[in-house]
Amino acid sequence: MGSAAAPVRQLDPHTVAELRSAAEEILAAFGTSAASSALLEHVARTAGAFSDTLRHHCRPVDTDDGLFVLRGLDVDDEAVGPTPAGWAIAGDSGAGALYDLTLLLLATVMGNPIAWEGQQDGRFVHNIVPAPGHETAQTGASSAVLLSPHTEDAFHPGRAHLLMLGCVRNHDHIATTAAGIRKTRLSDQDIETLARPVLPILPDDAYAEAQGYTDQPPPAVPALFPAEDGTTLRFDPAYTPVDRADATYRAAYRRLEAELARVSVSVSLAPGEVLVVDNDLVVHGRVPFRARYDGTDRWLKRASVRVPGRRTRPPAEADEHGYGQAALEAHAS
């Protein structure tokens with residue numbers, strides 16, 4: 001399916017102009033999208049003055065789909081330049097930086113953007129591009145393999161509530177996959193089984209330092225959690241040692257995988273579209289593709305957002321060590 005399979009929120013021209021003007025003003029003042037305390041303060045002030053119309057577009061996910069596509073932003077394919085061959089060389093200026101700041105402003109309206117000390121040099125907006133040598137990794141830098149459906153940063157208790165994927169370039173119509181837990185059909189017994197903290201979720205390959213953490217053993221965490229308004233999930237099969245569990249748990253976990261596959265949708269983002277995913281309701285992945293490394297490959301921007309005061313996770317998460325990783329909040333809570 002294309003992006004029409006997901007709920008769409010169409011930005012009107014006035015709102016698009018409002019966002020662009022704000023991003024251009026910040027880029028002119030700072031010359032970069034690289035975060036500094038002064039830039040982040042400016043972003044917070046600017047976002048606080050946005051119109052009610054823009055805020056309405058950025059309201060919480062409000063369907064069982066657990067996601068929506070924000071449509072209407074402008075991306076100039078020529079101005080953004082070639083797709084970089086890795087996040088580290090994407091740069092923090094020019095048209096690409098303008099998109100960084102646009103996403104950061106939208107993320108600030110939706111909640112509090114976060115960055116990670118151990119990923120992409122602590123940037124608040126990540127570049128998701130295929131990278132030579134990472135074709136078969138289970139990270140956003142891969143290309144030749146299916147990126148397994150997963151909760152973003154599932155290993156960490158401070159993971160985002162919302163994930164934003166903004167499309168810069170997607171000439172080949174490569175799809176992001178998404179599957180919502182509230183679309184699945186699981187038995188009460190399976191839900192009860194998977195709500196027990198049986199297995200850990202280990203850090204993924206994007207967090208080399210976290211993978212070397214040995215101060216405390218990995219905590220067992222539940223895959224499902226019954227929140228006030230329905231079931232939520234924390235799921236990353238590529239980094240969960242399922243074979244360590246007993247037969248009953250393994251069977252329930254495999255049925256969860258099968259149900260998520262059954263309800264999965266494909267969202268092929270076009271430039272200027274932003275997929276917003278509720279990270280407690282939806283797992284996301286990506287279909288395989290052949291990277292060319294010629295400057296025309298798929299290029300997404302990613303922002304992660306915490307929603308202050310939200311209660312959709314087990315209280316026991318507060319005691320987890322997070323494998324020594326710290327999340328940095330853009331704005332003071």
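Since we're looking at a predicted model, the values are computed, not measured.
- In summary, of the residues considered (Leu101, Leu105, Leu19), a side chain to side chain contact (heavy atoms under 4.5 Å, CB included) with Thr46 occurs for Leu105 alone.
- Under 4.0 Å is where a charged nitrogen must lie from a carboxylate oxygen, and between Lys183 and Asp64 no such pair does.
- The 12-atom threshold is not exceeded at NE2 of His173, counting heavy atoms of other residues, nucleotides or ligands nearer than 6.0 Å.
- Cluster membership check: Val198 shares its hydrophobic cluster with Ile191, using side-chain heavy-atom separations under 4.5 Å among Ile, Leu, Val, Met, Phe, Trp and Tyr.
- A distance of 10.0 Å separates OG of Ser148 from CZ of Arg286, quoted to the nearest 0.5 Å.
- Under the 4.5 Å side-chain contact rule for hydrophobic residues, Val305 and Leu104 share a cluster.
- Taking 4.5 Å as the limit, some side-chain heavy atom of Phe155 sits within range of a side-chain heavy atom of Gln325.
- Within a 6.0 Å radius of CZ in Arg45, other residues, nucleotides and ligands contribute more than 12 heavy atoms.
- Considering only heavy atoms from C-beta on, Asp278 stays 4.5 Å or farther from Thr312 through its side chain.
- Between Arg169 and Asp77 there is a salt bridge, with a side-chain nitrogen of the basic residue lying less than 4.0 Å from a carboxylate oxygen of the acidic one.
- You'll find the ring centres of His42 and Phe30 inside the 6.0 Å limit.
- With Glu135 as the partner, the side chain to side chain contact (heavy atoms under 4.5 Å, CB included) test is satisfied by one option alone out of Ser143, Pro130, Ser142: Ser143.
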(message) Would His134 and Thr139 count as a side-chain hydrogen bond (donor to acceptor under 3.5 Å, both in side chains) here? Give the steps.
(response) CA-CA 8 Å; His134 296 266; Thr139 69; 5.1 Å; no

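- Interatomic distance, Cys58 SG to Phe50 CZ, rounded to the nearest 0.5 Å: 8.5 Å.
- Between Asp100 and Arg123 there is no salt bridge, since none of the side-chain N atoms of the basic residue sits less than 4.0 Å from a carboxylate O of the acidic one.
- For the pair His331/Val43, a side-chain contact is recorded, criterion being any heavy-atom separation below 4.5 Å from C-beta on.
- Just one of Asp229, Asp65, Asp280 meets the salt bridge (charged side-chain N to carboxylate O under 4.0 Å, His left out) condition when paired with Arg182; it is Asp229.
- Across every non-hydrogen atom of Asn279 and Ala160, the tightest pair is ND2-O, 3.0 Å.
- Taking CD1 of Ile181 as the start and CZ of Phe225 as the end, the distance is 13.5 Å to the nearest 0.5 Å.
- With hydrophobic clusters built from ILVMFWY side chains whose heavy atoms lie under 4.5 angstrom apart, Leu27 shares a cluster with Tyr99.
- Aromatic rings of Tyr239 and His150 (six-membered ring for Trp) have centroids beyond the 6.0 Å cut-off, not under it.
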(request) For side-chain hydrogen bond (donor to acceptor under 3.5 Å, both in side chains), just list the numbers for Arg298 and Thr176, CA-CA rounded to whole Å, side-chain angles, deciding distance to a tenth of an Å, and then say yes or no. (result) CA-CA 11 Å; Arg298 176 182 184 257; Thr176 299; 3.1 Å; yes

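- In this structure, Arg159 does not pair ionically with Asp236, as no charged nitrogen and carboxylate oxygen lie closer than 4.0 Å.
- Using a 4.0 Å cut-off between charged nitrogen and carboxylate oxygen, Arg313 and Glu320 do not count as a salt-bridge pair.
- With rounding to the nearest 0.5 angstrom, the CG atom of Leu256 is 6.0 Å from the CG atom of Leu194.
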(message) Run Gln138 and Asp205 through side-chain hydrogen bond (donor to acceptor under 3.5 Å, both in side chains) and show every step you take.
(response) CA-CA 7 Å; Gln138 280 296 312; Asp205 290 344; over 6 Å; no

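- The distance from the CD atom of Glu152 to the CG atom of Leu163 is 5.0 Å, given to the nearest 0.5 Å.
- The shortest distance between side-chain heavy atoms of Pro149 and Ser264 does not fall below 4.5 Å.
- Counting non-hydrogen atoms of neighbouring residues, nucleotides and ligands closer than 6.0 angstrom, the CD atom of Glu24 exceeds 12 such neighbours.
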(message) Working note: Ser51 + Glu18, criterion side-chain hydrogen bond (donor to acceptor under 3.5 Å, both in side chains); need CA distance, chi angles, decisive distance, verdict.
(response) CA-CA 8 Å; Ser51 67; Glu18 181 182 15; 2.9 Å; yes

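- At a threshold of 4.0 Å, the pair Arg292-Asp172 counts as salt-bridged, since one of the basic side-chain nitrogens sits closer than that to a carboxylate oxygen.
- Phe124 is linked by a ring-ring contact (aromatic ring centres under 6.0 Å, His included) to nothing, counting only residues two or more places apart in sequence or in another chain.
- Annotation: side chain of Leu233 is in contact with side chain of Leu260 (closest heavy-atom distance under 4.5 Å).
- The two residues His171 and Thr296 make their nearest non-hydrogen contact at ND1-O, 3.8 Å.
- At a threshold of 4.5 Å between non-hydrogen side-chain atoms, the residues Met164 and Met110 count as touching.
- The same ILVMFWY cluster, assembled from side-chain heavy atoms under 4.5 Å apart, contains both Leu11 and Phe68.
- Hydrophobic clustering of Ile, Leu, Val, Met, Phe, Trp and Tyr side chains at less than 4.5 Å, counting indirect connections, unites Leu98 with Val80.
- The environment of CD in Glu228 is sparse: at most 12 heavy-atom neighbours from other residues, nucleotides or ligands sit within 6.0 Å.
- The minimum heavy-atom distance between Val263 and Ala179, with the atom names listed, is CG2-CB, 4.0 Å.
- Within the 4.5 Å cutoff, no side-chain heavy atoms of Tyr213 are placed close to those of Pro218.
- Using a 4.5 Å cut-off on side-chain heavy atoms (C-beta onward), Cys167 and Leu300 make contact.
- Here Arg234 contributes atom CZ and His156 contributes atom NE2; the two are 9.5 Å apart, rounded to the nearest 0.5 Å.
- Applying the side-chain hydrogen bond (donor to acceptor under 3.5 Å, both in side chains) test to every pair with at least one member in residues 7-17, sequence neighbours left out, gives these pairs: Arg9-Asp62, Asp12-Thr15.
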